[in-house]
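The structure appears below as structure tokens.
Atom set for the values below is all heavy atoms of this structure, side chains included, hydrogens, waters and symmetry mates excluded. Protein chains get the first letters and strands the later ones, always in sequence-line order, with residue 1 at the start of each. Everything quoted here is computed from the prediction, not taken from an experiment.
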Amino acid sequence: MSDLAKAYEPQAVEAKWYDAWLKGKCFEADPASDKPAYSIVIPPPNVTGILHLGHVLNNALQDILARRARQTGHEVLWLPGTDHAGIATQTKVERELREKEGLKRRELGREKFLDRVWEWKEKHGGIIIQQLKRLGCSCDWSRERFTMDDDYTHWVSQVFVDLFKQGLIYRGKRMVNWCPVSLTALSDEEVIMTPQRSKLYTMKYELADAPGEFLQIATTRPETLMGDVAVAVNPKDPRYSQYIGRMVKRPFPHAEIPVIADDHVDIEFGTGALKITPAHDKADFDIGMRHGLEIIDTLHADGRVNCPECPDLDGLDRFAARKKAARKLEEMGLLLKEEDYENKVGFSERANVPIEPRISMQWFLKYPCVDEAAKAVADDEIVFRPERWQKTYAHWMENLQDWCISRQLWWGHQIPVWYRKDKLDQLKEAAALGMEDLEKGDIHVGTEPPADESEWVRDEDVMDTWFSSWLWPFATMAAVGEESALLKKFYPTTDLVTGPDIIFFWVARMIMAGYRFAGGLPFKNVYFTSIIRDLQGRKMSKSLGNSPDPIDLMDKYGADALRFGLIRIAPVGSDIRFDEVQIEEGRNFANKLYNACRFRQMAGTEVVTISSATEVRPHHVDIMAKLDDLAENLQGAYAGYRFGEVAHLLYEFLWNEFCDKFLEAVKSDLRESATPAAREATLGVFDSVMAVYLQLLHPYMPHITEELSVRMGYVAEGEFVMQKLLPSGTLVPRGALRDEMQEKATAIYETAGRLRNLKAEYNVATRRDVRFVVKGAPAWLSSESDTLALLSGAGEIALDEAYDPPKGTPAALAPAGEFYMPLEGLIDVEAEKDRLTKEIDKVGKEVAKSEGKLGNASFVERAPAEVVEQEKARLEEWRTKLAQLREMLAALG
RNA sequence: GCGCGGUUAGCUCAGUGGUAGAGCACCACCUUGACACGGUGGGGGUCACUGGUUCGAACCCAGUAUCGCGCACCA
């Protein structure tokens, strides 16, 4: 018995090989190599992030691509790194400060706070990297990057300055999405529209010139009423035409505001009259601009009401104020209705609270190279998989809004802009400075501070995290202005693997940045992964607690099992419903592989090679031919990025072909009673097939394949299967001989199935002494009857053309002949008649079906010749079978 | 409202025009010298619905229902 443990234990093996690969520098890319380049940049995880199943899928796929590329002779760079994740990280550190030390960031001050964030980053920033290593990711860790590395930061500033000089970046007072918790502006992409149950209030405003006459207005936000500067109606609405131009009374603080006409107002909705609050609604703001209305801001940055004229509301949180304002209207007799109402409200992605439309001074970017970027994808210069995401991309590209790139945070890349102190003093605060307020000498935009820095003040804002991410494919490969060998060899990258949820955040922007700053497209292929859901179809999330920890799964089943199990069920581009059972199957598969090898080692640990002298038999040729087919099919599946299919093919080969058929067929060859020639042949075939199979499986299950390749002696001591090139040739030459051998093997396997079947029907499935007599067998069967006996669990297979079966002898028609199972004392003539009658009935139906088809003139005339031929052959087969069965029945009397 | 995707066995999903599939689950038998994380055998499906194209439709077309996603609007 082999010294291998009975079940595969992945944990120690996986850790051992990862260390060995690192020590062997197997992951390091050589830009000086003359091999063709293959490169991927990792979608940088948040530096404070924790591995989740989405990461596992995403990074396992990248690892598969990278490892496969190495096996096919490429110089591979898989460039890893992390993202500083502005809001997420800052929020985390702020929370910890608050909880553990009762400190707010403003109490610490910018510099000290940033020190604390860096401390946190050093402490926790490595976690996700360690987790990726645990998964087996073959990233070039010697080139790990962080979006706030000095070189990278220099890129971000440089890009800002360039775009500013080009006139694409500007500062201005605009309506932005404001997060009242994070106290910063957000881009449109960071706002999630969420259905909310709320109330629709209908209230009435009295006309100033006609006391007792009222205009009805519907609103969901009575708390912004203090900022109302008008009431708008649709000019085409006959109900209200008489009011246009007149004044109505705003109840609090009391004021008279005009009724205006604007096309934006939907006649159908609510009462058809809309209150206009330019400071707190984007559409209202636009209307306000069109009509030159005043802007009255009645909210503080944190969402509390700012309206000293209404002391009972002033200082209240916006949601408390909403209820209070409604009650106030009710008391004044102005509230007519309060209905339940569902509408969609924008939520801040990070803080998960409703955002507040707010006017503030921010930096904006007009996107560069939009046409090139749109065209690249439309023309398939950059290929999206699945293809349909092209449309989503195109739609967004056609409706680009300027990108709000400033954030009122401290953690991030500070805007490289300085203002003259005296100018600031004049205007009181930097936050008030728009481009129109600044003269050339008042502002300095550059990667370095102005020479007389003491007279300047730097803009306090930092940039949106994605403003650094969009430079990732090239800013990781070269410093600004550097002639980088890395960039030259590996840019543009080959594949990008990411989730479709960040097409806008990241993919589209990287393409634009690639064209603008790196001279062309950043990648050639984009593979969008599935989104992982739970069995109820819900998104994985921390708050639902439905997100299994991949580390737990790896502890339980191993990294290889997790990778294999997850990818095997990942459909191309739609969602995955995650089920732990799949990972269990991955483990079972690893165990199956391990035990197949263990079985082989019971017959010796020396690698055996095959030669022309090897006595190969049909099942030997068959498994080698199937391995050749597997290699070829995998190539096609990889070419189409059909990763699930690759896993499926690998699984099927090992389990259904190699173990269930081949190994069962050769079991007797490994016994001591076997001839040395039979043993040599079988071991030689096993080793030839398994050595290549382990290579083919390696990208999916890197650890176990490395372990077994070494243990089995398929790679030399000190070498790695991960560095071994896939063989270019086949094990068996294609041609008539191969086909003939495979036909025989197939006949044997199918026949064995029929015989097992027969045994089961007569309840002797477990008996191993059953004797079969066969008539009408092909000549070659005599030399393969031992294999057939083994596979069917028979004691003997006797070839006897002259055999005259006693009446009622159970029989089966099989590809390798007419088989009889004489079972003394078990034969029941009536039962056998029954069985045969049923089978005749079944076959008869098939014959009728086939005859009907061929009797149909249009089928024969119009279907392709080969299909008709196929049908004819099928009919012939069924007819022969039917005749034989009838003969057997007749023999029973 | 616009767009995209799904609907096939109890579950998760393959299946691009020619005899409905896999894995799991289920039932029966089997601890047989690799593996019970296993083996053998078995049961189980009007391929959501309606119509069309075709000799032939799970597959192509049109429509319906239903679920999901994205975008826009939402007073």
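B:rC47 and B:rA34: their C1' atoms are spaced 39 Å apart (whole Å). For B:rU66 and B:rC24, the P atoms lie 36 Å apart once the distance is rounded to whole Å. Atom name P, nucleotides B:rA9 and B:rC13: the rounded distance is 12 Å, in whole Å. B:rG42 and B:rC59 have their C1' atoms separated by 30 Å, given to the nearest Å. To the nearest whole angstrom, the two C1' atoms, one in B:rG56 and one in B:rG68, are 34 Å apart. Spacing between B:rC49 and B:rC67 at atom C1', rounded to whole Å, works out to 15 Å. Taking atom C1' on both B:rU32 and B:rU7, the two are 45 Å apart, rounded to the nearest angstrom.
Note on A:K391: every side-chain N or O is 4.0 Å or more away from OP1 and OP2 of B:rC2. For B:rG38, one of the phosphate oxygens OP1 or OP2 lies less than 4.0 angstrom from a side-chain nitrogen or oxygen of A:N588. Regarding contacts with the backbone of B:rG39, a side-chain N or O of A:W655 is found under 4.0 angstrom from either OP1 or OP2.
Using a 4.0 Å heavy-atom distance criterion, A:A765 is classed as making no nucleic acid contact. At the heavy-atom level, A:E761 lies nowhere under 4.0 Å from the strands shown.
A straight line from CD of A:Q390 to C1' of B:rG3 spans 15 Å, rounded to a whole angstrom. B:rC71 atom P lies 8 Å from atom NZ of A:K344, rounded to whole Å. Taking atom CG of A:L708 as the reference point, atom P of B:rA34 lies 17 Å away to the nearest angstrom. Taking atom CD of A:E584 as the reference point, atom C1' of B:rA25 lies 12 Å away to the nearest angstrom.
In summary, A:K556 and A:E580 engage in a salt bridge, as defined by a charged side-chain N under 4.0 Å from a carboxylate O. Using a 4.0 Å cut-off between charged side-chain N and carboxylate O, A:R874 and A:E877 make no salt bridge. Ion pairing between a basic and an acidic side chain is recognised when a charged N comes within 4.0 Å of a carboxylate O; A:E664 and A:K667 show such pairing. With salt bridges taken as basic N to acidic carboxylate O contacts below 4.0 Å, one links A:E356 and A:R221. The pair A:D669-A:R679 does not count as a salt bridge, with every side-chain nitrogen at least 4.0 angstrom from each carboxylate oxygen.
Judged by distance alone, the side chain of A:D281 and the main-chain N or O of A:D284 form a donor-acceptor pair under 3.5 Å.
Because its NZ or CZ atom is both nearer than 6.0 Å to the ring centre of A:F859 and within 45° of the ring axis, A:K853 counts as a cation-pi partner of that residue.
Of the listed nucleotides (B:rC74, B:rG5, B:rU19), B:rG5 has the atom at the smallest distance from the side chain of A:R388.
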Contacts under 3.5 Å, N or O only, protein and nucleotides 20-23 of chain B:
from	atom 1	to	atom 2	distance (Å)
B:rG23	O2'	A:E585	OE1	2.4
B:rG23	O2'	A:E585	OE2	2.7

